[in-house]
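The next block holds one structure in the form of structure tokens; read it before the comments.
Only heavy atoms go into these numbers, but all of them, side chains included; no hydrogens, no water, no symmetry mates.
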Amino acid sequence: MGIHPSIAVKAQNSKTAEEINKVIYEVREYVPAAGRFRDVVDLFTSVVVPLFRKHGMEMTQVGCTTIGDNSFNELVYTMRFSDLAELERKWGTFLADPDWASALASREENGPLYQAIRRRVIDSTLFEGVLDHAV
């Protein structure tokens, strides 16, 4: 009788199943300055999304708030990272990208794009498996 395939795979892989499945989410909310909503959306779709791809950043959701504070005037998106180190590394390369700096500067020549920017980092470790059983 040989080694069970799942044991053999684990022996070959230095990461535990917990490390492989570990994930954090970052929720970012952008409230544009008065009259700048279309400018924010244009910057996001034409510059930010391609830069996310360039830097290997995974966006899991994007939309506009329809009910609640800043309804119809807030861009919200969620990013997925394996851990805080990956989040910091990828945002660091994104923010250092000269394409980002020039795109933002050119769009803010007539004033700031944003009234407020909020972000939250979500760790779902305590709730592993909950969604697997949700109805």
Side-chain angles (χ1 to χ4, degrees):
M1 197 152 97
I3 297 175
H4 189 275
S6 65
I7 295 171
V9 169
K10 186 167 183 168
Q12 293 172 0
N13 189 342
S14 62
K15 290 186 176 182
T16 66
E18 183 178 291
E19 290 171 322
I20 292 169
N21 293 325
K22 175 82 171 142
V23 65
I24 61 171
Y25 294 93
E26 180 186 28
V27 179
R28 297 184 69 98
E29 303 169 343
Y30 292 79
V31 179
R36 303 297 307 266
F37 181 74
R38 284 280 157 219
D39 296 329
V40 168
V41 171
D42 176 61
L43 176 66
F44 188 78
T45 57
S46 65
V47 177
V48 174
V49 172
L51 285 174
F52 284 168
R53 290 184 188 118
K54 176 181 176 182
H55 295 290
M57 298 170 76
E58 181 184 357
M59 182 172 47
T60 62
Q61 171 279 328
V62 61
C64 298
T65 302
T66 56
I67 297 174
D69 293 343
N70 302 306
S71 294
F72 302 106
N73 193 36
E74 178 181 59
L75 173 69
V76 179
Y77 63 92
T78 305
M79 304 297 291
R80 178 184 171 140
F81 300 96
S82 59
D83 54 33
L84 285 173
E86 180 189 34
L87 178 151
E88 291 172 0
R89 185 180 70 254
K90 288 187 175 180
W91 273 115
T93 59
F94 176 97
L95 293 172
D97 191 307
D99 292 338
W100 167 244
S102 66
L104 182 61
S106 70
R107 284 168 174 82
E108 289 195 322
E109 287 176 349
N110 297 321
L113 278 178
Y114 306 107
Q115 173 185 324
I117 299 173
R118 294 182 297 271
R119 69 184 277 250
R120 290 183 295 286
V121 175
I122 312 297
D123 180 347
S124 58
T125 304
L126 292 175
F127 302 96
E128 287 179 6
V130 171
L131 294 178
D132 295 339
H133 305 292
V135 180

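Under the 4.5 Å side-chain contact rule for hydrophobic residues, L51 and F44 share a cluster. Follow the hydrophobic side-chain contacts under 4.5 Å out from L87 and you never reach V27; the two are in separate clusters. Under the 4.5 Å side-chain heavy-atom criterion for Ile, Leu, Val, Met, Phe, Trp and Tyr, V47 and V76 are members of distinct hydrophobic clusters. Tracing side-chain contacts under 4.5 Å through hydrophobic residues (I, L, V, M, F, W, Y), one never reaches V48 starting from V41; they form parts of separate clusters. With hydrophobic clusters built from ILVMFWY side chains whose heavy atoms lie under 4.5 angstrom apart, V62 shares a cluster with V49.
Nearest heavy atom pair, residue V40 against residue L75, reads CG1-CD2, 4.1 Å. What you find for L43 and A103 is that their closest heavy atoms are CD1-CB, 4.0 Å. Between A33 and P112, the shortest heavy-atom contact is CB-O, 3.5 Å. Contact between N73 and P32 at its shortest, heavy atoms only, is O-CD, 3.0 Å. Across all their heavy atoms, P50 and T45 have their closest contact at CD-O, 3.6 Å.
In this structure, the separation between CD on E86 and CE on M79 is 9.5 Å, given to the nearest 0.5 Å. Atom CG of D83 and atom CD of E88 lie 9.0 Å apart (nearest 0.5 Å). Taken from CD1 in I24 to OG in S82, the straight-line distance is 7.5 Å, to the nearest 0.5 Å. Atom CG in D99 sits 4.5 Å away from atom NZ in K54 (nearest 0.5 Å). Rounding to the nearest 0.5 Å places CE of M57 at 10.5 Å from CZ of R89.
Two residues are said to be in side-chain contact when any heavy atoms from C-beta on lie closer than 4.5 Å; I122 and R120 meet this criterion. Taking the side chain as every heavy atom from C-beta outward, L104 and L113 approach each other to under 4.5 Å. At a threshold of 4.5 Å between non-hydrogen side-chain atoms, the residues D39 and R107 do not count as touching.
Salt-bridge check for E74 with R118: passed, with a basic side-chain N closer than 4.0 Å to an acidic carboxylate O.
Sorted by first then second residue, the ring pair (Phe, Tyr, Trp, His ring centres under 6.0 Å) pairs that include residues 103-124, not counting sequence neighbours, are Y30-Y114.
The side-chain hydrogen bond (donor to acceptor under 3.5 Å, both in side chains) check on T78 picks up Q61, with sequence neighbours excluded. In this structure F52 satisfies the ring-ring contact (aromatic ring centres under 6.0 Å, His included) test together with Y77, W91, F94, sequence neighbours excluded.
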